[in-house]
Amino acid sequence: MQIIRGIGVSQGVAVGPALVLDTQGLRIPQQKVKPEQVSAEWNRLQIALREVVKDAALAQEDVTRRLGAQYGAIFASHAMLLEDPLLIEELQKLIQVDRYTAEYAVTRAIRGFIEKLKALGEKSFLAWRASDLHDIERRILDQLIGERGDPLLNLAEPVIIAAHDLTPSETASLDRSKVYAIATEHGGKTSHTAILANALEIPAVVGLGPFLNQISGGDTLIVDGTDGTMILNPDPATLYRYRRIRDSRLSKTGHWVVGLQRPVSTRDGVHIRLLGNIEFPEEASSCVARGAEGIGLYRTEFLYAGRSCDPTEEEHYRAYTRVLREVGSDRPVVIRTLDLGADKFASAHAVSAPEKNPSLGVRSVRVCLRDTGLFRKQLRAILRASAHGNVRIMFPMVSTTTELTACRGLLEDVKEDLSHEGVAFNANIPVGTMIEVPSAALMADRFAQMVDFFSIGTNDLIQYTLAADRTNEHVADLYNPADPAVLRLIERVVRAAEDRGISVNVCGEMSGDPLFTPLLVGLGLRQLSLTANNLADVRAVVSRLDLPTAQRIAQTALELDSAREIVSFLRAEMKRIYPDVFGDLGDE
Ligand code: PEP
Ligand code: MG
């Protein structure tokens, strides 16, 4: 049994068999074939092995020609390994006796070999062999899987996905009835994969570091998305304990759910407007069902999920009107314009040469302002949808007043076009900007004169303030919403909005973490936008909070020097105010 700590990004506990997606994206479920299919399965493997041997011979020739015989010899040794009688015997047993698929047999046999080699010691020689074995495993699987397609699409039983990383599109396409949980080696708290897992309500831990080499498909895993841990091959006592935790967490969630009647207020009657964050129109109704008063962030770039061409104006329009139908036409829906680039969908509209720092490059509104055709198409669709409900428009990643002026100018142009065409829209559509770049937070007083509302995108604000990539687990210690620099920027933005009398929201993942709810309320926020998965917990915290306590918490937090001190202070406060729920919260 092994316990690995990572970053919990979507709460909940799951216990189940692993489906390993290796670094090349190969899927190896533990599956058996019918007795009558065994000999065909063995033949498939023989053919694949012959192909790999042939490829190894070609690689040997090629490398010898380019680099010399000593390097070419590496591939000769691959061919030898493939004919190793011990390996063949093991494969034969796994397929002919145990009736496993050829893919699973290869993974199991080769990984078993690697473990045995490691146990023998003699590090350098054996490490070399282990990496060669991984290479061979991958080549055989390429042959086998290339022939059969992607088993992730045809899962027979629910699994826990163990992967190096998942792309947002892969995560978005998961069938949540077949995926108990996600565990990845790479990733940070607010990577878009993490956000999607949370939206899909699939428990997830990311940033676990290398672990895929230690598991095979079918191994039992425990994923605790609340504590950010994963347990490989748990012993029976641990398995029993976690099954109980899983079940008690389910009932604790029930305990947390407060009446869903809108709106939610603190004990002393301060209304805190909770809104939903969505990526897909289908999510809107589950936000409303959990008490959201509307949609505070619709990430429209997810219209690009799983497709290679641009959505048409009609497709944009249909998605927006669907959201309006799901939430009801009187509730606000904040449609954010495309935030393409960086760790989200690569855009055909981005600059042609690959960028060294995509997060600092042509991303988001920078893409739209360079490709005004793309931008206009979306603005037309949003304006057309505004004729059917309470639509608000929001620009992401704005870093200067010049950019904001350009966005507003283009919006006015598009309004003019629609008027000429006699198309209905709301001429007074509220316009907001996200504050997610430190320059925008510092200039918030000026930005406040140019818009009707602010929405603070803490996911990016944290990464840009602390120069810590939101998707990189190696800097996860720096990437902290409780960092005093981040809190000061939030406070500054809230004050600027108050002075100008415009509304301000927080829509980063920070607003879905109940630990930060009292702090944010104390800083003056009266609106929070979060995923459906976190609404119940945040509602419960708000309904048992009072304003003087929240303000005291915010004041004290602002006086502290480090994220660590602030987090332990907040945890202590949570234990004191909500002993029944946070009483068992460990110390940092
Ligand atoms: C944010 O940056 O906080 C945000 C809400 O935007 P996204 O996560 O989509 O970048
Ligand atoms: Mg952002």
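Note that the structure is predicted; figures quoted are calculated from it, not measured. Just follow the structure's listing: the first ligand is 1, and inside any ligand the first atom is 1.
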List every atom of ligand 1 that sits less than 4.0 Å from any heavy atom of [X], numbering the atoms from 1 in the order shown and giving each element.
{"X": "Arg470", "result": "2 (O), 7 (P), 8 (O), 10 (O)"}
{"X": "Gly457", "result": "1 (C), 2 (O), 3 (O)"}
{"X": "Glu436", "result": "1 (C), 2 (O), 4 (C), 6 (O)"}

Original post:
Atom NZ of Lys189 and atom CG of Asp513: how far apart are they, to the nearest 0.5 Å?
Top reply: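 Separation between the atoms: 6.0 Å.
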Subject >> Straight-line distance of Ile202 CD1 to Ile160 CD1, nearest 0.5 Å >> reply: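 The CD1 atom of Ile202 sits 11.5 Å away from the CD1 atom of Ile160.
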For the residue pair [Y] / [X], report whether a side-chain donor-acceptor contact shorter than 3.5 Å exists.
{"X": "Arg366", "Y": "Ser399", "result": "yes"}
{"X": "Tyr298", "Y": "Glu283", "result": "no"}
{"X": "Asp469", "Y": "Tyr479", "result": "no"}

Subject >> Shortest-distance N, O or S atom of Glu436 relative to the Mg ion (ligand 2) >> reply: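 The atom in question is OE1.
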**OP:** Would you name the N/O/S atom of Asp460 that lies closest to the Mg ion (ligand 2)?
**Re:** OD2
Below 3.5 Å, can you tabulate the donor-acceptor pairs from side chains in residues 390-397 to any protein atom, sequence neighbours excluded?
| unit_1 | atom_1 | unit_2 | atom_2 | d |
| --- | --- | --- | --- | --- |
| Asn390 | OD1 | Arg392 | NE | 3.4 |
| Asn390 | ND2 | Asp330 | O | 3.1 |

Subject >> Heteroatom test (N, O or S) for Asp339 near the Mg ion (ligand 2), limit 2.8 Å >> reply: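 Here the distance criterion (N, O or S atom, under 2.8 Å) is not met by Asp339, so no.
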Which segment of [X] sits under 4.0 Å of ligand 1 when only heavy atoms are counted:
{"X": "Met434", "answer": "side chain"}
{"X": "Glu279", "answer": "neither"}
{"X": "Leu297", "answer": "side chain"}
{"X": "Ile456", "answer": "neither"}
{"X": "Arg363", "answer": "side chain"}

Applying a strict 4.0 Å limit to heavy atoms, is [X] in contact with ligand 1?
{"X": "Ile195", "answer": "yes"}
{"X": "Arg336", "answer": "yes"}
{"X": "Gln463", "answer": "no"}

Original post:
Less than 4.0 Å between a side-chain N and a carboxylate O, is that true for Arg384 and Glu313?
Top reply: yes
Subject >> Sidechain N-carboxylate O distance under 4.0 Å for Glu491, Arg488 >> reply: no
Under 3.5 Å donor-acceptor pairs involving side-chain atoms of residues 443-457, not counting sequence neighbours:
| unit_1 | atom_1 | unit_2 | atom_2 | d |
| --- | --- | --- | --- | --- |
| Asp452 | OD2 | Val431 | N | 2.7 |
| Ser455 | OG | Asn505 | ND2 | 3.2 |

